Q: 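Let me begin by handing over the structure; questions about it come next.
Predicted, not measured: the structure shown is a model, and the values here were computed from it. Throughout, protein chains are lettered first and strands after them, A, B, ... in sequence-line order, and every chain is numbered starting at 1.
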Amino acid sequence: MITAAACCNDIDFNLIKQLHCFAIFGGFDAYTSVTNAILTCYSRKGFLHEARQVFCEMDGRDEVSWNSMIVAFGQHREGLEALVLFKEMISMGLRVDMFTMASVLTAFTCLKDLVGGKQFHAMMIKKGFHRNSHVGSGLIDLYSKCATNGSGMLECRKVFEEIPAPDIVLWNTMISGFSQNEDLCEDALCCFRKMQHVGFRPDDCSFVCVISACSNLLSPSVGKQVHALAMKSDIPYNCVSVNNALVAMYSKCGNLQDARRLFDTMPERNTVSLNSMIAGYAQHGIEVESIHLFELMLQKDITPNRITFVSVLSACAHTGKVEEGQKYFNMMKVKFGIEPEAEHFSCMIDLFGRAGKLKEAERIIQTMPFNPGSIEWAALLGACRKHGNVELAVKAANKFLELEPYNASPYVMLSNTYASAGRWEDAAKLKRLMRERGVKKKPGCSWIEIDRKVHVFVAEDTSHPMIKEIHEYMREMLRKMKEAGYVPDIRWALVKDDEEATEEEEKERRLLHHSEKLAVAFGLISTEEGVPILVVKNLRICGDCHNAIKFISTIAGREITVRDAHRFHCFKEGQCSCRDYW
DNA sequence: GCGTTACAAA
């Protein structure tokens, strides 16, 4: 009964407590297996403290008790505690099995300790444990989550191939690994198909992973097909995690209406369901609805978590609601006992920064209870760029650079701040520095799906078969745009770092060939009058394109949605849904 | 042993 309770989604703290008391009164706690189940039950529902208490008070601990406690620490992001327990287990001469190994791997993963994990991997190869599916999934999880240079999934493939009898969890771990890597989502889908090919029926976990991968595929329509597949499978229609993944997928694929419709018809909802919908509204620039849903959540006694507050605080930041943001920040600590983490502080910096209160934003960095990381400096730098505070921008960029010397963002952002202030030489100097240090910016590209075929564009792209028509359309469009009052903003023109000076006319021409403009133009040419189009870009949309597409939406009389790396921009009759906050 | 949700930055 207790094991069953551990698997149940709806069980709350009081019910576990009751079961626990029942076991004690009935004398069942003398059975180690019963107490082990209670321990796991507490841990799975998020009550680490109680789980630990059960473990400490147990008389006859067996190997399973130790393993369960190690897992509990790992799942609550207490990797060090897990490793301490493992060492104790060894020193006591207890038998270590595959389950122990897999649990210890979870600890390395949550500590992001790739070196320690690798050493452990080597030891398991010596003992031959690495051919076990349980251990294998721990290893794959480790490499997919901890490797920083993108080589992680290569290592995962090797681990996978060593395992003679992969089970469904191992397949799911591979799909999950691919899906967490933005650029490998196509591989996640491939893996999902392959697993069915060798005879596995995907379970709820497989669907959750593959659906989340669908948000990052080139074609936004695949998600719908996978949804249909899930409905035909034997996954229950009320499976919360699958439905949550679908809500997130629809909203990330630009289909907020379908996301909301699904959300409304869900028979069961939890914190994550609300988080997904709240984030969906925020990404589409409907922050008011995000905050409304959050208030509703509080009324309905659905407990918010740290992620809820990240979304809500950023929604406040985007709408300039400084006071409300502060109110929610305090509520998080006082009412819900959630300690603010780097993400929350970065939202607060953003909240003040966007509103032009740079002093307050800087004060947050100075008074934070831990050392600020790159995300806090990035938020401050973003605010400085927006409000043209060069001096503070230099400081923030330097701090950011110290922490992430190979990240292109601080260079680009500071360079843009200089350029906006008219300090062109400083901007150019920074670009040179970037080249000298071998820091590369990801090339921007945009794509659009037309009749289930994806068309990809990069800046200055001439490879598309219809490029002549596209250029012609854009030239004509430019004429009409200028008539309507559009002024090209050449600060956004791509300047190659080896060019000292570029003619204005040439800059204007380059602006016209930005990937997002090409994709929009192609979309307009290839679809019927009045049909809305959706363009996706891998980076953030450029400022000139943002302005230009407003004009295009009016002139062409179309609804044009651009999903950039960050959010949605829905252009309609000369306005963007982001209200220029981006 | 695997899973859903978020921020800032290109």
Q: How long is the span from the OG1 atom in A:Thr109 to the CG atom in A:Leu142, to the nearest 0.5 Å?
A: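 The OG1 atom of A:Thr109 sits 4.0 Å away from the CG atom of A:Leu142.
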
Q: Quickly, which of A:Glu155, A:Arg157, A:Met153 forms a side chain to side chain contact (heavy atoms under 4.5 Å, CB included) with A:Tyr143? Name it, please.
A: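 When A:Glu155, A:Arg157, A:Met153 are each tested with A:Tyr143, the side chain to side chain contact (heavy atoms under 4.5 Å, CB included) holds only for A:Glu155.
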
Q: Got a sec, which residues hit side-chain contact (heavy atoms from CB on, under 4.5 Å) with A:Cys185, two or more places apart in sequence or on another chain?
A: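 If we apply the side-chain contact (heavy atoms from CB on, under 4.5 Å) test to A:Cys185, skipping adjacent residues, the hits are A:Ala213, A:Asn216, A:Leu217.
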
Q: Does A:Arg567 put a side-chain nitrogen or oxygen below 4.0 Å from OP1 or OP2 of B:dA8?
A: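 Indeed not, no polar side-chain atom of A:Arg567 lies that close.
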
Q: I need the CG-P distance between A:Asn243 and B:dT5, as an integer number of Å.
A: 13 Å

Q: Can you figure out which of B:dT5, B:dC7, B:dG1 approaches the side chain of A:Asn275 most closely?
A: B:dT5

Q: Counting only side-chain nitrogens and oxygens, does A:Arg354 get under 4.0 Å of the OP1 or OP2 atom of B:dA8?
A: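 For B:dA8, OP1 or OP2 has a side-chain N or O of A:Arg354 closer than 4.0 Å.
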
Q: Of the nucleotides B:dC2, B:dA6, B:dG3, which one has an atom closest to the side chain of A:Ser241?
A: B:dG3

Q: Nearest of B:dC7, B:dA6, B:dG3 to any side-chain atom of A:Ser346?
A: B:dC7

Q: Determine the contact category for A:Val169: base if any of its heavy atoms lies under 4.0 Å from a base atom, sugar-phosphate if only primed atoms, P, OP1 or OP2 are that close, otherwise nothing.
A: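 The answer is base, as A:Val169 lies within the cut-off (heavy atoms under 4.0 Å) of a base atom.
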
Q: Ignoring hydrogens and angles, does a donor from either the side chain of A:Asn172 or the base of B:dG3 sit under 3.5 Å from an acceptor on the other?
A: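 Side chain to base: no pair below 3.5 Å.
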
Q: On a heavy-atom basis, which atom in A:Ala361 and which in A:Gly353 lie closest, and how many Å separate them?
A: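 The pair with the smallest heavy-atom distance is CB-N, 4.0 Å.
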
Q: Between B:dA6 and A:Arg306, is there an OP1 or OP2 to side-chain N/O distance shorter than 4.0 Å?
A: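 Checking A:Arg306 against B:dA6: no side-chain N or O falls below 4.0 Å of OP1 or OP2.
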
Q: Return the value, rounded to whole Å, for the distance between atom CG of A:Asn305 and atom C1' of B:dA6.
A: 9 Å

Q: If you look at every strand shown and take non-hydrogen atoms under 4.0 Å, does A:Ser137 touch a base, only sugar-phosphate, or nothing?
A: base

Q: So what does A:Asp204 touch, heavy atoms closer than 4.0 Å: a base, only the sugar-phosphate, or nothing?
A: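 Base contact - A:Asp204 has a heavy atom under 4.0 Å of at least one base atom.
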
Q: For A:Gln283 and B:dT5, is the shortest distance between a side-chain N/O and OP1 or OP2 below 4.0 Å?
A: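 No, no such contact exists.
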
Q: Rounded to the nearest Å, what distance is computed from the CG atom of residue A:Leu293 to the C1' atom of nucleotide B:dA6?
A: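 To the nearest whole Å, that distance equals 15 Å.
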
Q: Indicate the ring-plane relationship of A:Phe160 and A:Trp171, choosing parallel, tilted or perpendicular according to the 30° and 60° boundaries.
A: perpendicular

Q: Taking only the side-chain nitrogens and oxygens of A:Lys145, find out if one of them lies under 4.0 Å from OP1 or OP2 of B:dG3.
A: yes

Q: Expressed in angstrom and rounded to an integer, what is the separation of A:Leu539 atom CG from B:dA8 atom C1'?
A: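 In whole Å, B:dA8 C1' and A:Leu539 CG are 15 Å from each other.
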
Q: Side chain of A:Val272 only, heavy atoms from C-beta on: which candidate in B:dT5, B:dC2, B:dA9 is closest?
A: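 Given the options B:dT5, B:dC2, B:dA9, the side chain of A:Val272 is closest to B:dT5.
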
Q: Taking the side chain of A:Val208 as its heavy atoms from C-beta onward, which of B:dG1, B:dT5, B:dG3 lies nearest to it?
A: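 Among the listed nucleotides, the one closest to the side chain of A:Val208 is B:dG3.
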
Q: Considering just the side-chain nitrogens and oxygens of A:His514, establish if one lies under 4.0 Å of OP1 or OP2 belonging to B:dA10.
A: no

Q: Name the orientation class of the two ring planes belonging to A:Phe345 and A:Phe370 (parallel below 30°, tilted from 30 to 60°, perpendicular beyond 60°).
A: perpendicular

Q: Which residues, if any, of residues 248-256 of chain A bring a heavy atom under 4.0 Å of DNA chain B?
A: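 Correct list: A:Ala248, A:Lys252.
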
Q: Given B:dC7, B:dT4, B:dC2, which nucleotide is nearest the side-chain atoms of A:Asn244?
A: B:dT4

Q: Please give, in whole Å, the distance from B:dA6 C1' to A:Met348 CE?
A: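 Roughly 16 Å, once rounded to whole Å.
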
Q: Looking only at heavy atoms, which two atoms of A:Ser179 and A:Ala188 are closest? And how far apart?
A: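 Nearest heavy atoms, A:Ser179 then A:Ala188: N-CB, 3.9 Å.
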
Q: Counting side-chain heavy atoms from C-beta on, which of B:dT4, B:dG1, B:dA9 comes nearest to A:Arg540?
A: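 Closest nucleotide among those given: B:dA9.
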
Q: Round to the nearest Å and state the distance from A:Asp141 atom CG to B:dC2 atom P.
A: 5 Å

Q: Heavy atoms only, 4.0 Å cut-off, all strands: where does A:Val242 land among base, sugar-phosphate and nothing?
A: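 The answer is nothing, as A:Val242 stays clear of every strand by at least 4.0 Å.
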
Q: Tell me, please, which residues at least two apart from A:Leu256 pass side-chain contact (heavy atoms from CB on, under 4.5 Å).
A: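 In terms of side-chain contact (heavy atoms from CB on, under 4.5 Å), with neighbours along the sequence ignored, A:Leu256 is linked to A:Ser251, A:Met277, A:Tyr281, A:His284, A:Ile286.
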
Q: Please confirm whether any donor atom in the side chain of A:Ser133 sits under 3.5 Å from an acceptor in the base of B:dG1, or the reverse.
A: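 Under the 3.5 Å cut-off, the side chain and the base do form a donor-acceptor pair.
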
Q: Using the rule given for side chain to side chain donor-acceptor pair (under 3.5 Å), can you reason through A:Arg437 versus A:Tyr411, listing the C-alpha separation, both sets of side-chain angles and the distance that settles it, and then say yes or no?
A: CA-CA 11 Å; A:Arg437 293 190 181 167; A:Tyr411 293 94; 2.9 Å; yes

Q: In terms of side-chain heavy atoms of A:Ala379, which of B:dA8, B:dG1, B:dT4 is nearest?
A: B:dA8

Q: Could you state the CZ-C1' distance from A:Arg44 to B:dG3, rounded to the nearest angstrom?
A: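 Atom CZ in A:Arg44 sits about 13 Å away from atom C1' in B:dG3.
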
Q: Base, sugar-phosphate, or nothing: which does A:Asp167 touch, judged by heavy atoms less than 4.0 Å apart?
A: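 It contacts base atoms.
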
Q: Under 4.0 Å between a side-chain N/O of A:Ser176 and OP1 or OP2 of B:dG3, yes or no?
A: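 Yes, because at least one side-chain N or O of A:Ser176 sits under 4.0 Å from OP1 or OP2 of B:dG3.
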
Q: Within the structure shown, what part of the strands sits under 4.0 Å from A:Glu404 by heavy-atom distance: base, sugar-phosphate, or nothing?
A: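 Result for A:Glu404 = nothing.
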
Q: Any side-chain N or O of A:His566 below 4.0 angstrom from OP1/OP2 of B:dA10?
A: no

Q: Of the options B:dA10, B:dA8, B:dC7, whose atoms approach the side-chain atoms of A:Cys347 most closely?
A: B:dC7

Q: Between atom CG of A:Asn243 and atom CG of A:Leu262, what is the distance when rounded to the nearest 0.5 Å?
A: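 Atom-to-atom, A:Asn243:CG and A:Leu262:CG are 5.5 Å apart.
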
Q: How many Å lie between CG on A:Leu403 and C1' on B:dA8, as a whole number?
A: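 Rounding to the nearest Å, CG of A:Leu403 and C1' of B:dA8 are 14 Å apart.
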
